[in-house]
> 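The structure's right below; bear with me while I get my questions together.
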Amino acid sequence: MKILLSGEGGQGIQTMAKILVGAAYNQHYKVNYMPHYGVEMRMGISRAFVTISSDKITYPKFSKADILSVMTKRNLNLVKEFIDKNTKVINAIDLVDLPEERNLPTTSFNMIVLGIIVKEINKSNIKIDKEKILEEINKFLGKKPDLTKNRVAFEVGYDLADNMYSKLLKSVKPDKFEPIINKDDKKEHIIYPDICKGCGICLIKCPVGALSWDKNKKNFLGKPIPKVDMEKCIGCGICEDICPDAAIKVNKKSKTN
Amino acid sequence: MLFANDTKQSYPKSFKISSKPNKFCPGCGHSIILKKLGFAIDELKIQKKTLFGIDIGCSLLAWDFFNVDTVQTHHGRTVPVVSGYKLIKPKKTCIAYVGDGGAYAIGLQSLITAANRNDPITVIVVNNTLYGMTGGQMAPTTLKDEVTSTTPKGKNIEEKGNPFLGPELIKSLPNKKSYVARGIVSEPQELRQLIKKALEHQIKNKSFSFVEVLSTCPTNWKVSAQGSLDMLEDKMSICFKNQGELK
């Protein structure tokens, strides 16, 4: 059974993999776990290659996965090469709000996904005991204050209702981002949400305070992006100048036109 | 990408568009400096004859930032590699883009030797007062009483020494032809001029040019955007007070 877990750095991908591998090892399966990170400090991708088998394992990585879990949209594009016709894709992107609905901390999202994965594994000839997983959760997260909530989150994932389950297997298309264009007769202010990282430097540097956070619109990381008040904006272009990601453009009409 | 169909661009032509959004943290000073370097390369029209050398550390995340020839070297050895390349290809414009750890700790002797020899290259040092990629350890440039992961009670300058002043050191060398400047990312227009002048100095005067840029690291300073600019303008500007062209 080849399992590929993928998500953003900080979502707890490696913890999931360690718990899964530990539980399978305690049930005398042959296991292998191979982490894979990007080099970035933040916003990097994180993957874990997990193999669980009753036979010998010869190589730690694989080219096609049996089970693939995806936790963010950005990752879906990056792991397409691991999918073939027998791959079961667990598409947990739509479940991001589930922890909040069940009064769980957002950081327990990975435990919900782990519950789904264990249930999916148990449909094959490899059986992993639920109690063994809970033991491993105690071992890895025992010192954290949210231990009981993480255990609850795992149970939530394991007992996920059928109507939710069918939602998982739907394919999701990546987000399309259109530039946000604000115009008046003198100037034009454009923000590109596909490259804006939402650092907020432009808000501080704006001399007239024309920029503020727009909570309705999200960038490619799912964070809020700035919006511009065209009545206050004087078109000086300082935001364009300071923006680290070149995500703002200010056009001013010349006097001759 | 959505950059298409625009007449005026918010980004330099030398950018490699397929690698954007870039890999730096939100609010990182690196991306501001690289954007300004890209504009300087555009203005001088040297995109096809530039060698861009990068070091170990956060600077290596710029390996696919530009559509220019790029080389990635061992830690602290960017300056000698770029100098060697310049000896073979004298018509190329060679840029060594290093962090403060690579330039002032492990690579200091290479930097001093290149400056003393008057190698015709441009060195851009990004000073964010710590080692960013490895988790924010103390660097030679760490400020007095600054908390890093290896100085949890604040840096004691009596034990660990004062923050390292790179441009002042290069300026004090007997080489009279070199160009030395210090910029700051919160003044992007001035920074662009300094980088452009440094590149021009390399091309026209065939001499060593050196720019240190005071940069931000919101991730390892553990501050917001406002906090990082406050730290930059209040604390770093006081410690590294000689800014602009020094020589």
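These numbers come from the heavy atoms of this one structure, side chains and all, not from hydrogens, waters or symmetry mates. Keep in mind that this is a model prediction, so the values were computed, not measured. Letters go in sequence order (proteins before strands), and every chain restarts at 1.
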> Select one option (side chain, backbone, both, neither) describing which atoms of B:Glu187 are under 4.5 Å from chain A's heavy atoms.
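Neither part, no heavy atoms under 4.5 Å.
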
> Taking everything shown except A:Lys64 itself, do over 12 heavy atoms lie less than 6.0 Å from its NZ?
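More than 12 within 6.0 Å, yes.
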
> Tell me if the NZ atom of A:Lys217 is crowded by more than 12 foreign heavy atoms within 6.0 Å.
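It does not: A:Lys217 NZ has 12 such atoms or fewer within range.
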
> Would the number of heavy atoms belonging to other residues, nucleotides or ligands and lying under 6.0 Å from NZ of A:Lys187 be above 12?
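Yes.
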
> Heavy-atom distances under 4.5 Å only: say whether A:Cys196 touches chain B with side chain, backbone, both or neither.
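For A:Cys196, there is no contact with chain B at all, as no heavy atom is under 4.5 Å.
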
> Is it the case that over 12 heavy atoms from other parts of the model lie below 6.0 angstrom from the NZ atom of A:Lys61?
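It does: A:Lys61 NZ has more than 12 such atoms within range.
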
> Does atom NZ of B:Lys196 have more than 12 heavy-atom neighbours from other groups under 6.0 Å away?
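Enclosed: over 12 neighbouring heavy atoms sit under 6.0 Å from NZ of B:Lys196.
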
> To the closest 0.5 Å, what do you measure between CD1 (A:Ile204) and OG (B:Ser186)?
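So the gap between those two atoms works out to 11.5 Å.
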
> Does atom CD of A:Glu100 have more than 12 heavy-atom neighbours from other groups under 6.0 Å away?
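Result for CD/A:Glu100: open.
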
> Measuring from A:Asp241:CG to B:Ser10:OG, what's the distance to the nearest 0.5 Å?
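Spacing of CG (A:Asp241) from OG (B:Ser10) equals 11.5 Å.
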
> What's the shortest heavy-atom distance between B:Ala225 and A:Cys199, and which atoms?
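Closest approach of B:Ala225 to A:Cys199, heavy atoms only: CB-O, 3.1 Å.
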
> Taking all atoms of both residues into account, what is the closest heavy-atom pair of B:Pro188 and A:Ile242, and its distance?
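Heavy atoms of B:Pro188 and A:Ile242 come nearest at CG-CD1, 3.7 Å.
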
> Could you look at A:Leu203 and say if it's the side chain, the backbone, both or neither that has a heavy atom under 4.5 Å from chain B?
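Interface part for A:Leu203: neither.
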
> Could you name the residues of residues 28-41 of chain B that have a heavy atom within less than 4.5 Å of a heavy atom in chain A?
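Against chain A, the residues of residues 28-41 of chain B that fall inside the cut-off (heavy atoms, under 4.5 Å) are B:Cys28, B:Ser31, B:Ile32, B:Lys35, B:Lys36.
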
> Start with the C-alpha gap between A:Lys197 and B:Cys25, add the side-chain angles, then the distance that decides, and say whether side chain to side chain contact (heavy atoms under 4.5 Å, CB included) holds.
CA-CA 8 Å; A:Lys197 288 180 190 154; B:Cys25 302; over 6 Å; no

> Quick one: pull up CD1 in A:Ile195 and CD1 in B:Ile17 and give me the separation to the nearest 0.5 Å.
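It is 8.0 Å, given to the nearest 0.5 Å.
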
> Within a 6.0 Å radius of atom NZ on B:Lys155, are there more than 12 heavy atoms belonging to other residues, nucleotides or ligands?
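Enclosed: over 12 neighbouring heavy atoms sit under 6.0 Å from NZ of B:Lys155.
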
> Any sub-3.5 Å donor-acceptor pair from A:Lys249's side-chain atoms to B:Tyr11's backbone N or O?
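It does not hold such a pair.
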
